Protein chains: 4
Amino acid sequence: MSSVNKVILVGHLGKDPELRYLEGNISVASFPLATSETFNRDGKRVEQTEWHTVVMWRGLADVAAKYLTKGRLVYIEGRLRTRSYEDREGIRRFATEIVAESFNLLGRRSDFENNANSPVASDKKAQAQAQEQQVDFTENNDEDDGLPF
Amino acid sequence: MSSVNKVILVGHLGKDPELRYLEGNISVASFPLATSETFNRDGKRVEQTEWHTVVMWRGLADVAAKYLTKGRLVYIEGRLRTRSYEDREGIRRFATEIVAESFNLLGRRSDFENNANSPVASDKKAQAQAQEQQVDFTENNDEDDGLPF
Amino acid sequence: MSSVNKVILVGHLGKDPELRYLEGNISVASFPLATSETFNRDGKRVEQTEWHTVVMWRGLADVAAKYLTKGRLVYIEGRLRTRSYEDREGIRRFATEIVAESFNLLGRRSDFENNANSPVASDKKAQAQAQEQQVDFTENNDEDDGLPF
Amino acid sequence: MSSVNKVILVGHLGKDPELRYLEGNISVASFPLATSETFNRDGKRVEQTEWHTVVMWRGLADVAAKYLTKGRLVYIEGRLRTRSYEDREGIRRFATEIVAESFNLLGRRSDFENNANSPVASDKKAQAQAQEQQVDFTENNDEDDGLPF
DNA sequence: TTTT
DNA sequence: TTTT
C-alpha cells in the first residue's frame, strides 16, 4: 500500500452542519470550514480565506450535528476525497471534500455555551476527541481494560 | 488568525512533473499523485485510488522538476487551495490542489537511480528535505551558525 | 534522507515562556505545554494529562515571549529532539523536547486581551502563523511579489 | 478537552521489534526508529540522527512483530507519552516514547521480500495501513456495509 | 495516470 | 541501533 492521505485543519464553521440520512439510515453531516492566512501584497497585509467542504459519517456525523455550530473553532483530522457528479445542467463536475475522521472543539466553554444547540451534561464526552472509533468505543465499553492506551 | 491548513500525503507520481514559467520567471511544477486505500466490499478486498493535483512554486518547483519522476514514492507536506476558473466552454469550475511546502523522496536509491533524469552529484542536497525555505537557505547560507536547529 | 520527524500539539501553556540568550545573542524560549485525553477506567471517565517541553529558537522565541502566556491555548508544529545532559549529581539523563517550527494562537481575542503582556497593534502579525521563516520573511520582504503562495 | 497530541515519523527501524506480553495477555512491541536531517556546519553537510522509542499495543503490536524488521522504512502516526520509572540504582528517570496508533510500510516489496520474517500471503492486509482500528475491523467485518468510508 |  |  505505502500510502498516506491526511488533512489537518483548524478553522471556523461557516454554517451549522447539515445532517442527512442515506439508505440504511446512515447519517452524513457536512459543512463549510474557513481557514485563513495573511500575506504581503505591495506592503499591505492581506487576508485570504480558504473554504473547505467537510463531510462526516455515521456516529461522527451525529456528534457533529449535536456539538458543532456556525462560528465554532474546530480541529479536524481527515482525508481528501474527490467526488465526480453531474450538476443540474448535466455537466460533469468534481468536488474535493475532507472526509473527517475525528474532530476536537477548540476555544473556551464560555465561547459557545449560550449557543442554541449548546452541549450540556455530556459535553466532556464529546470534547474528548470525538473520534469515530472512540464514539463507537464509548457506546460499548465492555472491553475497556482501564489502561490509558 | 487561529487557523491551520495542512495536508500530508505519501503516494506515487502518476506522471513526471510539468514545469511552466509565469511572468517574472516564476517556476510552477504540477503533477498528479496517487494515494490508495483498501477496504472490504462483500468480503473482498477492494483498492480505491485517490488522485491529487500537487503544485509547487519557485525553488521547490525547480527541485521537483529535477528529482521527481513518474512512479516515485514521495512524502509531501502542503496546504489545500481551491482555484476558480473558466473551462473552454466558459463554464465556471473549481479545482482543489495541494500547494506543496516541502517534499521528501522515499524508498531506496536503487529504486530510481537508473531513471532518465536521475539525480547525480547534488542528490543529497535535494533529498535533505527539499523545503522551500531550505532551498533558499542553502543558496545564501552566510547566516548559518552551524547549530543544528 | 527519506525521513520525517513531525509533532503537532494543541494544548495549554503551563507557565509563561522562559526566555534565555545563548552566545551570539541567540534567543531560546521554553515552556511546558499540557495536552490531555480522557479514557474509561472501570466505567468512569478519567482525564490524563501529558506534559511536553516546548523549545523555540531565535525569532520564533522572541515572538513566543511576546505573545504566549500561561494558560493560553496554542497550536504547535515542530520536531522531536532528545538531549543528553548531566544533572547536578553528575548522572547522565535524557530529555525529549519539541523544537517548535511554528505556532498559532487559538481561541478568541477576548480570551487573552486583558493579559499582562497583551499583544496590541502588531497582534495580527504574530497571529498570522508565527513561523520562523515568516518572521524572517516579514522583516525583509523586498522579495515579496504579492502572490499568495 | 481541546487538545491534540500527534506525532508523524518516517524513519528506519534500528532493530527488530521486541514483543512482550503483559498480564491479561496484552501484547506490547517496541523498537528504536531513526530519523535524520542534514544541516550546514562551517560549509559542510552534517547528518544528525534522532532516535525515537516507538511502542505499539495489542493487535498493532502483533502486526508490527510480524512485518516490521530492522532497517525497514516505515511511516508511523502516534502520540507522545512520557513515562516515569526507577532505574536499577533506584534513580527516578523519565522516558518519552511514541505510542503508535497506525503504521504504513514504505518502499517497494523487493526491498524486503528476502527478509527473514518476510510477509507472504496475508501481506496485503498488513500493508493496508495497519491501524489498530482497522486490524480489529478486519477481524470482525460483519458490520462492513461496503461503502468506502 | 501511480504503486502493491 | 537505521538509512543514504
Side-chain angles (χ1 to χ4, degrees), chain A residues 1-5 82 94, chain B residues 9-18 30-38 45-54 67-76 104-113 115 118-130, chain C residues 1-5 82 94, chain D residues 9-18 30-38 45-54 67-76 104-113 115 118-130:
Chain A
M1 244 267 308
S2 298
S3 145
V4 174
N5 174 358
T82 298
F94 297 89
Chain B
L9 300 174
V10 174
H12 292 92
L13 279 84
K15 294 184 188 171
D16 286 349
E18 193 181 306
S30 69
F31 54 85
L33 189 84
T35 60
S36 55
E37 58 180 317
T38 48
R45 282 257 134 200
V46 180
E47 180 172 289
Q48 182 168 307
T49 297
E50 191 67 40
W51 286 98
H52 312 271
T53 301
V54 177
Y67 299 110
L68 295 183
T69 52
K70 178 177 170 171
R72 287 262 7 214
L73 184 65
V74 67
Y75 170 95
I76 286 174
N104 280 31
L105 298 176
L106 298 179
R108 299 202 177 161
R109 178 73 177 259
S110 57
D111 287 353
F112 57 98
E113 72 186 344
N115 205 299
S118 157
V120 196
S122 62
D123 188 24
K124 267 280 162 64
K125 180 180 150 196
Q127 288 195 55
Q129 201 173 35
Chain C
M1 245 265 310
S2 298
S3 145
V4 173
N5 174 357
T82 298
F94 297 90
Chain D
L9 300 175
V10 174
H12 292 92
L13 279 85
K15 292 185 187 169
D16 285 348
E18 194 180 306
S30 70
F31 55 86
L33 188 84
T35 59
S36 55
E37 59 182 315
T38 49
R45 281 256 135 200
V46 180
E47 180 173 288
Q48 183 169 307
T49 296
E50 192 67 41
W51 286 98
H52 313 271
T53 301
V54 177
Y67 299 110
L68 296 182
T69 51
K70 178 175 171 173
R72 287 260 11 212
L73 183 65
V74 68
Y75 170 94
I76 286 174
N104 281 32
L105 298 177
L106 298 179
R108 300 205 177 158
R109 178 75 176 259
S110 57
D111 288 354
F112 56 98
E113 70 185 347
N115 205 298
S118 157
V120 197
S122 62
D123 188 21
K124 268 280 161 66
K125 180 181 150 196
Q127 286 195 57
Q129 200 172 33

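Reminder, nothing fancy here: chain letters follow the sequence lines and each chain counts from 1. Keep in mind that what you see is a predicted model, and the values were worked out from it rather than measured.
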Tell me which nucleotide among [options] gets nearest to the side chain of [X].
X: D:Ser36; options: F:dT3, E:dT1, F:dT1; answer: F:dT3
X: B:Thr49; options: E:dT2, E:dT1, F:dT2; answer: E:dT2
X: D:Glu47; options: E:dT2, E:dT1, F:dT4; answer: F:dT4
X: D:His12; options: F:dT1, F:dT3, E:dT2; answer: F:dT3

Starting at atom [atom1] of [X], determine the distance to atom [atom2] of [N], rounded to an integer number of angstrom.
X: D:Arg72; N: E:dT4; atom1: CZ; atom2: P; value: 12 Å
X: B:Leu106; N: F:dT4; atom1: CG; atom2: P; value: 12 Å
X: D:Leu73; N: F:dT3; atom1: CG; atom2: C1'; value: 8 Å
X: D:Asp16; N: F:dT3; atom1: CG; atom2: C1'; value: 15 Å
X: D:Asn104; N: E:dT4; atom1: CG; atom2: C1'; value: 12 Å
X: D:Ile76; N: F:dT3; atom1: CD1; atom2: P; value: 15 Å
X: D:Lys15; N: F:dT1; atom1: NZ; atom2: P; value: 8 Å
X: D:Leu13; N: F:dT4; atom1: CG; atom2: P; value: 14 Å

Mind checking what makes side-chain hydrogen bond (donor to acceptor under 3.5 Å, both in side chains) contact with B:Ser30, not counting sequence neighbours? none

Under the side-chain hydrogen bond (donor to acceptor under 3.5 Å, both in side chains) test, which residues partner B:Thr53, sequence neighbours left out? none

With rounding to the nearest 0.5 angstrom, report the OH to CG distance, D:Tyr67 to D:Leu105. 9.0 Å

Closest approach of B:Thr69 to B:Leu13 (non-hydrogen atoms, all atoms of both residues): O-CB, 3.7 Å

